[in-house]
Amino acid sequence: MGHERLIRCIPARSLGWDETQECSIDRITAIGFASRYNEIGEAMLRVDALDAGALHKVILLVIRRLNHHHRIERGFAKKIAFATLHEYMRPNCIYCGGKGEEHRKGRVTTVCSHCEGSGLHRYSDKDRKALVGGGFNTRAYEDTLTYVRDAVRAIVVNSDKRLTD
């Protein structure tokens, strides 16, 4: 089904079943079952669907995880949470806008030298430290980013699996 398709299903206005409808009850039910034990994944899908309340929930879940697994105090954990969500939600290269190409005056289109044509921004430790501030903890940051990405991936995979069963 894919991540984007799931996101379009979340703010569905009608839960009536229609085989041709993009946001059918089957997809919404699959998301519900897949997110049953995956609080952060479900909340991240809602964040992607522009649900402000879900963003607050994700921040709180990430803070709790950082405090529990890395013994990071609440104020700094909040900074890491915001920074990892910034990186997760803004994956496109800032130089080419995610296109993977650079357009220069009087020149032919070339591959973006910053992302090497991938269209993705590669956040360096310097970029991450600028987002978080002093006392940057690489291990905690990477762990948090992996945690968020894996949770969303698990929702997508489990939803697809439930729809095909």
If hydrophobic clusters are built by linking Ile, Leu, Val, Met, Phe, Trp and Tyr wherever their side-chain heavy atoms come under 4.5 Å apart, do [X] and [Y] end up in the same one?
{"X": "Ile94", "Y": "Val132", "value": "no"}
{"X": "Ile80", "Y": "Leu60", "value": "no"}
{"X": "Leu131", "Y": "Tyr95", "value": "no"}
{"X": "Tyr88", "Y": "Leu120", "value": "no"}

Query raised in the report: Are more than 12 heavy atoms from other residues, nucleotides or ligands located less than 6.0 Å from atom CZ of Arg122?
Result: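 Enclosed.
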Query raised in the report: Is the number of heavy atoms from other residues, nucleotides or ligands under 6.0 Å of His69 NE2 greater than 12?
Result: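 Enclosed.
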Report task. Before giving the answer on side-chain contact (heavy atoms from CB on, under 4.5 Å), spell out for Arg90 and His121 the whole-Å C-alpha distance, their side-chain angles and the decisive distance to 0.1 Å. Result -> CA-CA 8 Å; Arg90 296 179 188 260; His121 182 71; over 6 Å; no
Query raised in the report: Quick one: are Glu102 and Ser113 in side-chain contact, heavy atoms under 4.5 Å?
Result: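 The answer is yes, as the side chains (C-beta and beyond) meet within the 4.5 Å cut-off.
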Query - Distance-minimising heavy-atom pair for Gly117 and Val111 - result: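 What the structure gives for the nearest pair is N-CG1, 3.4 Å.
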**Report entry** Residue pairs, two or more places apart or on separate chains, that pass side chain to side chain donor-acceptor pair (under 3.5 Å) and touch residues 145-156
**Finding:**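 Every pair satisfying side chain to side chain donor-acceptor pair (under 3.5 Å) with a residue in residues 145-156: Asp150-Arg153.
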Spacing of [X] atom [atom1] and [Y] atom [atom2] [to the nearest 0.5 Å]:
{"X": "Lys79", "Y": "Ile72", "atom1": "NZ", "atom2": "CD1", "answer": "12.0 Å"}
{"X": "Glu73", "Y": "Leu66", "atom1": "CD", "atom2": "CG", "answer": "11.0 Å"}
{"X": "Glu142", "Y": "Thr84", "atom1": "CD", "atom2": "OG1", "answer": "10.5 Å"}

Query - Arg64 backbone acceptor or donor facing Asn67 side chain under 3.5 Å - result: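 It does not hold such a pair.
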Requested in this report: Among Thr144, Asn137, Asp143, find the one that has a side chain to side chain donor-acceptor pair (under 3.5 Å) with His70.
Outcome: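 Passing option: Asp143.
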